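Since we're looking at a predicted model, the values are computed, not measured. Both ligands and their constituent atoms are indexed starting at 1 by order of listing.
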Amino acid sequence: MTNAALIVAAGRGSRMMRDMPKQYLMLGGRAVLWHTVQAFLASEQINLLRVVIHPDDRGLYDSAVAGIGDARLRDPVSGGASRAASVRLGLEALQDESPAHVLIHDAARPFCTAGLIAAVLEPLAEVEGAFAALPVVDALWKADGTNAITPVTRDGLWRAQTPQAFRYDAILAAHAKGDADATDDVAIARSAGLTVRVVEGAEENFKITLPRDLERAEQMLLTCQPIVPR
Ligand SMILES: Nc1ccn([C@@H]2O[C@H](COP(=O)(O)OP(=O)(O)OP(=O)(O)O)[C@@H](O)[C@H]2O)c(=O)n1
Ligand SMILES: C[C@](O)(CO)[C@H](O)COP(=O)(O)O
C-alpha cells in the first residue's frame, strides 16, 4: 500500500512578522521546511512526498531542499489562497500516483517523528482517518479580552496537530465538496461523514507560528539529536 505525505507550505507566515515565510526561515542552519521534509523521509512507511508551495516561493523551495537526493521527494505543487485550498490542490496532484493513504502535515511542524507517522497510519485499517492531537489539561475560560467571564469545560476537548492521515480516495472526495476556509482536514472529513480517530500527539510536535516558537525550536535542536546527521 502506498503512503503519500503531503506537506503544506504555501502560507505567508504573517504572524511571524518576518521578511520571508516562516517555513523558509533558518533553524539550526537549515530551512524549517528542510527539517519537516527530512522528518518524513526518515520514515520507511512514506513512499512518496510532495510539498505544496506558494507560486512565488519556487526559488526558496529549491534552496531549502537542495541536496536531498531522495527519489521519494517529487516535484512541488502550487497551493491556494487558504490552507484547505492548498490541501485540495495537493490531493488532486497525487491522483496519478493514486496512493492508498495520505498524511497531510504542516510544514511549520518540523519535529514530527516516525513513531507519530506510524501511529496515525495504523487506524486507517479500520477507519477513514486519524489525526495527532493533545488533550486539554488546563482550565479553560472565556474572557472579554481582559477579564474572565465564563468557564468552558475541557472534557472531551483535544488540541489538533498534524499529521492528519486519511484513506486517499475518501479525503479527496471530501475536499471536492469541502469548506475552503476549514482550518484543518479533520473538519473537512467530518463534514463528509468520515470517521476520524484521535491519536496521542506530542508537545514537541508544535507548530511554529509566533516569533517565540522559532526560539523554542532552536532550543529543542540544541537539546535533541539531529533528525538526520548533517
Ligand atoms: N494558503 C495556505 C495557508 C497555509 N498553508 C500552510 O498551512 C500550515 C499551517 O498554517 P499556518 O500555521 O497558519 O501558516 P500561515 O498561514 O503561513 O501563517 P499565518 O496565519 O501566520 O500567515 C503552514 O505550514 C502553511 O504554510 C498553506 O499551505 N497554504
Ligand atoms: C492544521 C492545524 O495545524 C491543526 O491544529 C491548524 O488548524 C492550523 O491552523 P492555522 O490557523 O492555519 O495555523
side-chain contact (heavy atoms from CB on, under 4.5 Å) between Ile53 and Tyr24: does it pass, once the steps are laid out?
CA-CA 11 Å; Ile53 66 172; Tyr24 299 109; 3.6 Å; yes
Could you name the protein residues that come within less than 4.0 Å of ligand 1, counting only heavy atoms, and order them by chain and residue number?
Val8, Ala9, Ala10, Gly11, Arg12, Gly13, Ser14, Arg15, Lys22, Gln23, Gly80, Ala81, Ser82, Arg83, Ser86, Asp106, Ala107, Ala108, Lys207
Do Asp185 and Arg83 sit within salt-bridge range, that is, some charged N less than 4.0 Å from a carboxylate O?
yes
Quick one: do Glu203 and Arg159 make a salt bridge, cutoff under 4.0 Å?
yes
Going by the rule ring pair (Phe, Tyr, Trp, His ring centres under 6.0 Å), which residues pair with Phe40 if we only count those two or more places apart in sequence or in a different chain?
His105
Do Leu94 and Leu48 have side chains that approach each other closer than 4.5 Å (heavy atoms only, starting at C-beta)?
yes
Can you confirm whether Gln38 sits close enough to Arg30 that some side-chain heavy atom of one is under 4.5 Å from a side-chain heavy atom of the other?
no
Assess whether atom CZ of Arg18 is packed by more than 12 heavy atoms of other residues, nucleotides or ligands within 6.0 Å.
no
Give one line per pair: atom of ligand 2, protein atom, distance. Only N/O to N/O under 3.5 Å.
from	atom 1	to	atom 2	distance (Å)
ligand 2	3 (O)	Asp106	OD2	2.6
ligand 2	3 (O)	Arg109	NH2	2.9
ligand 2	5 (O)	Arg109	NH2	3.4
ligand 2	5 (O)	Ala160	O	2.7
ligand 2	7 (O)	Thr183	O	2.9
ligand 2	13 (O)	Arg15	NH2	3.0
ligand 2	13 (O)	Lys207	NZ	2.6

Can you tell me if Thr209 uses its side chain to pair, donor with acceptor, with the backbone of Lys207 under 3.5 Å?
yes
Would you list the pairs meeting side-chain hydrogen bond (donor to acceptor under 3.5 Å, both in side chains) in which at least one residue belongs to residues 149-158, sequence neighbours left out?
Thr153-Asp155
